[in-house]
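Below is one structure; the comments refer to it alone.
In the text below, chain A, chain B and the rest are named by the order of the sequence lines, each starting its count at 1.
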Number of protein chains: 2
Amino acid sequence: MSNLENTQAQMRKGVLEFCILSIISKGEIYPSDIISKMKEAKLIVVEGTLYPLLTRLKNAGLLGYRWIESNAGPPRKYYALTELGQSYLQELNTTWNELVAAVNQTANINTQSHE
Amino acid sequence: MSNLENTQAQMRKGVLEFCILSIISKGEIYPSDIISKMKEAKLIVVEGTLYPLLTRLKNAGLLGYRWIESNAGPPRKYYALTELGQSYLQELNTTWNELVAAVNQTANINTQSHE
DNA sequence: TTTAGTACTATGTGTAACAAGGTACTGTTT
DNA sequence: AAACAGTACCTTGTTACACATAGTACTAAA
């Protein structure tokens, strides 16, 4: 793996949890669809990453799930945020905004400037 | 360590390399001053993190350094970007901007909107 | 020559993403 | 009904990297 690819992967890693919670916050969703949504946003995540992450978040009380039957295959686990998860997500939102500000300060860049 | 603190730390991890290269790109600087600059930007980094990181970047050909004597203590290693490091930093810049866009897409947020 | 301050270095630990492989359920084809 | 294909969920081992901690080395002042 090249330096660049590795560093890009490192950057992605840090925000996975935040992105996945954000996606779930928009409504009940099951893992395979989360992967699709992430892919749409150009954030590749694989099953071996997602399942343990969801379990970790559930055990932390941030997520809950219920089984819903599918008409094409086995039942699916639909995840949703708990109340704790919602407030946690708000804090991550703040963290993210602060991080963007901090990084842009070191880079002296205004990435989203409008003229 | 709480969930939140841990996740915040994970977010930071991903961008450390980018931030440190950005800081060095503004002119020769030695490690302790890099730590100060990072602290100014609210990105705490400690010696045990910075030194191995600098060594890794140097071994990858992205950084070089020269010894400069100090009038208060031992000599200092002043780091600077190599040409390779400069083009690498540009690529990380692109990566960072794309990441911000991707995260904001999952979050449906425009963090820097001006009215 | 001892002490304090500053700078650089090394080692061990823990977290989390990822690769790879596996299990289980459902509907369709033969 | 048996085999197969498609879908979904889960587990294990590896690797990278930040961090805590401790240690070494150089300089100047007491």
Side-chain angles (χ1 to χ4, degrees), chain A residues 1-21 28-39 43-60 62-63 65-79 92 99, chain B residues 1-21 28-39 43-60 62-63 65-79 92 99:
Chain A
M1 196 179 202
S2 79
N3 278 313
L4 184 63
E5 282 168 357
N6 186 46
T7 302
Q8 290 172 334
Q10 292 298 321
M11 281 193 186
R12 256 202 324 273
K13 282 169 72 163
V15 298
L16 273 186
E17 184 178 314
F18 173 49
C19 291
I20 285 165
L21 286 172
E28 276 188 322
I29 190 168
Y30 74 103
S32 297
D33 260 2
I34 294 177
I35 291 176
S36 302
K37 292 275 187 196
M38 291 289 281
K39 202 173 291 178
L43 290 164
I44 306 300
V45 61
V46 295
E47 289 189 330
T49 300
L50 184 59
Y51 284 100
L53 177 56
L54 290 172
T55 302
R56 185 158 52 82
L57 295 173
K58 180 187 65 79
N59 291 339
L62 304 173
L63 293 180
Y65 67 81
R66 57 184 182 128
W67 290 98
I68 297 188
E69 301 208 348
S70 161
N71 55 358
R76 299 162 175 171
K77 269 187 176 176
Y78 275 78
Y79 284 89
L92 283 191
L99 182 69
Chain B
M1 198 180 204
S2 80
N3 278 313
L4 184 64
E5 282 168 355
N6 187 44
T7 302
Q8 290 172 334
Q10 292 298 323
M11 281 193 187
R12 254 203 326 274
K13 281 170 73 165
V15 297
L16 273 187
E17 185 178 314
F18 173 50
C19 291
I20 286 165
L21 285 173
E28 275 188 323
I29 189 168
Y30 75 104
S32 297
D33 260 2
I34 294 177
I35 292 176
S36 302
K37 292 275 186 195
M38 292 289 282
K39 201 173 291 176
L43 290 164
I44 306 300
V45 61
V46 295
E47 287 189 329
T49 299
L50 183 59
Y51 284 100
L53 177 56
L54 291 172
T55 301
R56 185 159 50 84
L57 295 174
K58 180 187 65 82
N59 290 340
L62 305 173
L63 293 180
Y65 67 82
R66 57 186 181 125
W67 290 98
I68 297 188
E69 301 208 346
S70 162
N71 55 358
R76 300 162 174 171
K77 271 186 174 177
Y78 276 78
Y79 284 89
L92 284 191
L99 182 69

Is the phosphate of D:dC9 approached by A:Tyr51 (side-chain N or O, under 4.0 Å from OP1 or OP2)? yes
If you take the centroid of each ring, where Trp contributes its six-membered ring, are B:Tyr65 and B:Tyr78 closer together than 6.0 Å? no
In this structure, CG of B:Leu63 is separated from CG of B:Leu57 (nearest 0.5 Å) by 5.0 Å
Every protein N/O within reach of nucleotides 15-21 of chain D N/O, cut-off under 3.5 Å:
from: D:dA16; atom 1: O3'; to: A:Asn6; atom 2: ND2; distance (Å): 3.4
from: D:dC17; atom 1: OP1; to: A:Asn6; atom 2: ND2; distance (Å): 2.1
from: D:dC19; atom 1: OP2; to: B:Thr49; atom 2: OG1; distance (Å): 2.8

Beyond-backbone contact of B:Asp33 with B:Arg76, side-chain heavy atoms, under 4.5 angstrom: no
Open item on the list: Any non-hydrogen side-chain atom of A:Ile44 less than 4.5 Å from a side-chain atom of A:Lys39?
Closed with: yes
Exercise. Is there side-chain contact between A:Lys77 and A:Trp67, with heavy atoms separated by less than 4.5 Å?
Worked result: yes
To the nearest angstrom, the CH2-C1' distance between B:Trp67 and D:dT27 comes to 14 Å
Rounded to whole Å, the OH-P distance (B:Tyr30 to D:dC26) equals 18 Å
Between the CG atom in B:Leu99 and the CZ atom in A:Arg12, the distance rounded to the nearest 0.5 Å is 8.5 Å
Contact span of DNA chain C against chain B, any nucleotide atom under 4.0 Å from a heavy atom, 5' to 3', runs C:dG5 to C:dA16
*Please tell me if the side chains of A:Leu4 and B:Leu92 come closer than 4.5 Å, counting only heavy atoms from C-beta onward.*
yes
CD of B:Gln10 to CG of A:Leu16, rounded to nearest 0.5 Å, is 10.0 Å
